[in-house]
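Have a look at the structure below, then the notes.
Protein chains get the first letters and strands the later ones, always in sequence-line order, with residue 1 at the start of each.
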Amino acid sequence: MSGVLNLLFSFNLGIMKDMELPKAYIPKEYEDKIYKKWENSGYCNPDNLETRGQARSFTISMPPPNATGVLHIGHTLGMTIQDIMTRYHRMRGDKTLLLPGTDHAAIATQNVVEKMLRKEGTSRHRLGRKKFLELTENYVEKNKSTINNQTKKMGASCDWSREAYTLSDKLSRVVSMQFKQMYDDDLIYRGTRIVNWCPRCCSTLADDEVEYKEQSAKLYTFKYSNDFPLAIATTRPETKLGDTAVAVNPHDKRYQKYIGKTYQVDFVGVPLKLKIIAENEVNPEFGTGAAGVTPAHSFADSLMAEKNNLAVKKVIGQDGKILAGFGKYSNLKTKEAREKIVEELENDGLLESQNDIKNNLSICYRCHTEIEPLPSLQWFVAVNKEFTLKNPALIKKYGKKETTLKEISLWAVKSGEIKIIPEYFAKTYFHWMENLRDWCISRQLWFGHRIPVYYRKQAISNFQFPISKQIQNSIPDRIGDKIQNSMDDIYVGVTPKKGGGWVQDEDTLDTWFSSALWTWSTLLEKKNFEKFNDLKEWLKNSPDIKKFHPTSVMETMHDILFFWVARMIIMTLYSLNEVPFKTVYLHGMVCDKHGKKMSKSHPETCIEPIEMSQKYGTDALRLSMVLGNAAGNSLRLSEQKIAGFRNFTNKLWNIGRFIQMKIKDIKDIGDIKDIQLETLADKWIISKLNSLIREVADDLENFRFGLAGEKLYDFTWHEFADWYVEIAKIQNNKNTYLLITNYYLLLLKLLHPFAPFVTEKIWEYFGSGDLLIIEKWPEADEKKITDQAEQDFKLIKELISAIRSWRKEKAVQPKEIIKIKVAGREELIKNQKEVINRLGRVETEEVKNIDKGDLEIGGVKIKFGNL
RNA sequence: GCUCACAUAGCUCAGUUGGUUAGAGCGUUGCGUUCACAUCGCAGAGGUCCCUGGUUCAAGUCCAGGUGUGAGCACCA
């Protein structure tokens, strides 16, 4: 009996006698106070629990919410899962850290602030960079505290002493160091590439910031000129001013004779030099089977241009207008130029046809302006360039020293160094990683990490924001060349270059650049961090890195697998030569009950976490996030579901009330060792409970949170409360109540990760005097798991159900005397006579063995399976 | 176009490496206040596990094909 009953030693009857549990659990009266208790205890900081001999470490870096607004229900889902893992591991005695923080979210935040300015009739340009940034920081500061308060409301047991912010001085320093190191290793370069350019925002956009809108367009089929043999088809004739080739499929018999030839043509008054090239990508079925190649304004064409060493001719400028040098078309908007060109082709008899087609238009996700792909001078991370690994441990596992960011990042997941849950997302990851292009990391924004690059003054005349016209004219002829910087002098470094004509790059970094470092930038030593100029030195002097990195689990929504998760893998493998986390757990999207995404633009579909927490309690909200859901799946949520779990927390509470009431009558606890487990029900419940302990731990270790929660829910309500508590009333003796108390306390522990508030509150009445949050996680006693007891009791349950059903059907009055005839097991049934009588509300007089038929109650034969 | 996931009760979904009679919550029908709980209890109704074929002693689970739904990526000149 010892394992489970040891609890009784710390069991304090005195507390219980003085305070009585109120009739119903009212979460909002307790939750804030309980969170304060956890905070004040210091238990969420693993440093304070070091005496517990922690062997394993368990770390989660919480995905930092954008500092733009308030938490939504999606955050609640993530935080709940993270906190379940955290509380479980903390109770297991692991060195456990849940690290909170916020993300400056450059583009999103700047966008929100700019919108506010617009409302006030001003703009960031009118305010100036310094003023604008001050304003934005104030705004962020306000949001950060809202977010932190809401995180607390959700019960996240994170270590606030380690709270981080991506744009803090400390993390900004890390970002600069990372940039410099990568620059020195030739993994960051400045070059001219085709980028997604929004003419309205005057900024580059990342590939994932581009949205697509289906539209109907006109597909024009025409010849460039009369002396050119092929007709081409395009929806954008104006870009054809920049064509330098025509591509055909190498297997297309119609055009094979032209391949390799070069033609000089006069296209609507503009001279073009066109080479006929062969490309497998060209679909002979589409249009005429010949495609005009515009290297400067199409991603696909720029690749062809690179392969075939074609000239790049820019047609459209950053303002979305045709550049100078194109005669009457210059300075026209693209649409105007298109119309004019089509008209001219028609007049010249070159236009063969125009057909309506549907195609996808790329638009800016912020302002929905049409994106212009155009070449621009930007900073990039080279994903295919070789670099040398330094960490012997990684080299040993990986098998060689030389690698590229793409290769090593693919390897990390393929080799199992990083495990993705659910597994099928690994395929998505591979697909994305294999097709990854160099990552454009510069943004023409103000809010963010300023690029730590400084140029000499005399060179600056060539480089000002917005990128000047002069630059446009200095586009090199070949895409993909690493530009030889036209600046006289360039300096990349952590400490600013001041004076001497040095001026810093105007641009900022993609927000994902800083969040890619999140798992370890947050763990770097905070004290006197300014003294570190070198990342290696800083890492070496950061004890938290040794203790907590690689982190254990990255828990986040699957939509940022690429933008964030993949980039953490890339950047961390590079700078630390280790993985950022061992497991990636991806949750799905929270939808309304109709399966629609909850969106801010439709407030009626949104379920607000704080409102739900107030109404039903955070525990109910948390349970509704986890139970009935599995990794990766979207979660349909309704208020009704949350209300259902509120009922559960109340049930749990009321079991406590019952126990409290009963235990009060017991004056003398006596010696625990004397407690005997005698009845079938006793043996059954302890067997069940130990199975439960084993299964819940197994589920939690294997990230099956929904299953673990459902088992706990089911056991608590439908085994413990519905059966064992009812039988305890029958057995009605001290031993039973002491046992039931112990089992209840065990249950509180098992439920604590899922429903931390109600369990902690009940623990106040029943517990050891210390907080439940650090109680030891129960271990299953395998010896107590007995199939026989479970089978036998299952039979009794079924028999009682059969009797109840029979009583109902026959409208039998309580206490009626019945005869039960069974085929076998009559001894067992005789032994359980009292339980059967009380729970079945009958009086059994006779239990007889019969030869035929399964079961007969009161002369009625009943279908019965398990005898 | 490419890739992936999903399809189980009226609704929302669980179902781990194939293994007793396929489960839960909500809803629904009937009964019920026995002193923890009506935020409760008891009982009931409700399923061709999308279709077809295959592997197996055994398939909701594995394989192939089909149908439907959703998602991600690419984007076509």
Side-chain angles (χ1 to χ4, degrees), chain A residues 21 23-25 207-208 210 212 219-220 232-236 239-240 243 246-247 279 281-283 285-294 298-301 304 357 359-362 422 424-428 430-432 435 558-559 561-562 588-589 591 593-595 616-617 620 623-624 627-630 632-638 640-641 643-662 695 698-699 702-704 706-707 709-711 713-714 717-718 721-722 725-726 729 800-802 804-809 811 814 838-841 863 865-866:
Chain A
L21 283 162
K23 188 162 176 166
Y25 173 59
D207 291 344
D208 43 84
V210 177
Y212 294 92
L219 183 70
Y220 304 98
I232 59 150
T234 182
T235 53
R236 299 197 60 190
T239 63
K240 301 291 109 183
D243 280 12
V246 170
E279 279 294 331
E281 260 103 288
V282 177
N283 176 3
E285 312 280 312
F286 189 91
T288 61
V293 180
T294 320
S298 153
F299 286 95
D301 292 3
M304 290 187 202
I357 60 158
N359 72 351
N360 275 330
L361 186 68
S362 356
Y424 56 77
F425 273 110
K427 279 187 194 167
T428 321
F430 295 141
H431 182 253
W432 183 84
N435 294 300
H558 61 63
D559 64 339
L561 177 60
F562 310 135
M589 193 169 60
C591 299
K593 59 182 164 195
H594 307 294
Y616 303 105
L623 290 163
S624 73
L627 275 71
N629 193 239
N633 291 0
S634 61
L635 169 77
R636 287 200 194 183
L637 188 66
S638 60
Q640 200 180 33
K641 186 176 177 187
F645 287 113
R646 182 269 319 265
N647 297 356
F648 174 73
T649 57
N650 190 58
K651 183 78 183 178
L652 185 67
W653 179 263
N654 270 289
I655 300 170
R657 289 190 73 215
F658 169 75
I659 291 174
Q660 192 177 46
M661 184 188 86
K662 286 296 180 186
E695 284 175 39
D698 189 53
D699 287 338
N702 290 292
F703 306 96
R704 298 186 294 257
L707 264 188
E710 282 160 52
K711 283 173 187 168
Y713 179 98
D714 187 62
W717 204 319
H718 302 306
D722 286 354
V725 170
E726 292 309 315
K729 289 176 187 170
I800 292 166
S801 286
R804 284 167 172 173
S805 163
W806 163 78
R807 287 191 58 243
K808 193 85 165 186
E809 205 176 310
R838 288 282 294 270
L839 296 184
R841 304 191 66 200
K863 195 178 170 290
N866 253 333

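Whole-Å rounding puts the A:L623 CG to B:rA24 P distance at 18 Å. As rounded to whole Å, 14 Å separates atom C1' of B:rC73 from atom CG of A:D559. Counting to the nearest Å, the P atom of B:rC4 and the NE2 atom of A:H558 are 16 Å from each other. A:D698 places its CG atom 12 Å from the C1' atom of B:rU17, with the value rounded to the nearest Å. Computed from coordinates, the A:F645 CZ to B:rC13 P distance equals 14 Å when rounded to whole Å. Protein atom CZ of A:R807 is 11 Å distant from nucleotide atom C1' of B:rC31, rounded to whole Å. Note: CD (A:E710) to P (B:rA22) measures 19 Å, nearest angstrom. As a whole-Å value, the separation of A:R236 CZ from B:rC76 P is 10 Å.
When the C1' atom is compared between B:rC37 and B:rU20, the two are found 35 Å apart, to the nearest whole Å. Taking atom C1' on both nucleotides, B:rA59 is separated from B:rG70 by 26 Å, rounded to a whole Å. The separation of B:rG23 from B:rG47, taken at their C1' atoms, amounts to 11 Å, rounded to a whole angstrom. Comparing B:rA71 with B:rC51, their C1' atoms are spaced 23 Å from each other, to the whole Å. For the C1' atoms, the distance from B:rC13 to B:rC49 is 13 Å, rounded to whole Å. The same atom, C1', is picked in B:rG15 and in B:rC62; the two are 16 Å apart, to the nearest Å. Separation of the C1' atoms belonging to B:rC40 and B:rC63 is 49 Å when rounded to the nearest angstrom. B:rC11 and B:rU55 have their C1' atoms separated by 36 Å, with the value rounded to a whole Å.
Considering only heavy atoms from C-beta on, A:M589 stays 4.5 Å or farther from A:N633 through its side chain. In this structure, A:H431 and A:T428 have side chains that are not in contact, with every pair of non-hydrogen atoms separated by 4.5 Å or more. Side-chain atoms of A:S624 and A:L637, non-hydrogen and from C-beta on, do get closer than 4.5 Å to each other.
In this structure, A:F648 has its ring center under 6.0 Å from that of A:Y713.
Within 4.0 Å (heavy atoms only), A:K240 reaches sugar-phosphate atoms of the nucleic acid but no base atom. Nucleic acid contact for A:A643: none, since no nucleic acid atom lies under 4.0 Å from a heavy atom of the residue. At a threshold of 4.0 angstrom between heavy atoms, the contacts of A:G292 are confined to the sugar-phosphate backbone, with no base atom among them. Looking at heavy-atom distances under 4.0 Å, A:T235 makes contact with sugar-phosphate atoms alone, never a base. Using a 4.0 Å heavy-atom cutoff across all strands shown, A:K729 reaches at least one base atom of the nucleic acid. The residue A:E279 sits apart from the nucleic acid: no heavy atom pair falls under 4.0 Å. At the heavy-atom level, A:N702 lies nowhere under 4.0 Å from the strands shown. Residue A:V282 is classed as a base contact, given a heavy-atom separation below 4.0 Å to a base.
Mapped onto RNA chain B by nearest heavy atom, A:E726 and A:H431 fall at different nucleotides, with A:E726 at the one closer to the 5' end. Residue whose closest nucleotide on RNA chain B sits further toward the 5' end, between A:S634 and A:D301: A:S634.
Shown here for A:A620 and A:R646, the closest heavy-atom pair between the two residues is CB-N, 3.4 Å. Minimum interatomic distance between A:G287 and A:A233 (heavy atoms only, all atoms of both residues): CA-CB, 4.0 Å.
In this structure, CZ on A:F658 lies 5.0 Å from NZ on A:K729, to the nearest 0.5 angstrom. Note that OG1 of A:T235 is 9.0 Å distant from CG of A:L361, once rounded to the nearest 0.5 Å. A distance of 5.0 Å separates CG of A:L635 from NZ of A:K641, quoted to the nearest 0.5 Å.
Nucleotide B:rA58 has no partner under the Watson-Crick or G-U criteria, as no pair reaches both atom distances under 3.5 Å. Taking a pair to require two hydrogen-bonding distances under 3.5 Å in either a Watson-Crick or a G-U wobble arrangement, B:rG1 pairs with B:rC73. Searching all strands for a Watson-Crick or G-U wobble partner of B:rC35 with both distances below 3.5 Å returns nothing. The nucleotide B:rA43 finds its pairing partner in B:rU29, both defining distances of the Watson-Crick or G-U wobble pair being shorter than 3.5 Å. Using Watson-Crick or G-U wobble geometry with both donor-acceptor distances under 3.5 Å, B:rA64 finds its partner in B:rU52.
For A:N633 and B:rA14, the shortest distance from a side-chain N or O to OP1 or OP2 is below 4.0 Å. Close to B:rA36, at under 4.0 Å from its OP1 or OP2, lies no side-chain N or O of A:R657. OP1 and OP2 of B:rU34 both lie 4.0 Å or more from every side-chain N or O belonging to A:R838.
You'll find that the side chain of A:K427 is closest to B:rC4, out of B:rG15, B:rC4, B:rA38.
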Inset, instruction - Mark up nucleotides 39-44 of chain B, 5' to 3', with B wherever a protein heavy atom is under 4.0 angstrom from a base atom, S wherever such an atom reaches only the sugar-phosphate, and - elsewhere. - result: BSSBSS
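With 3.5 Å as the limit, one finds no donor-acceptor pair spanning the side chains of A:D714 and A:H718.
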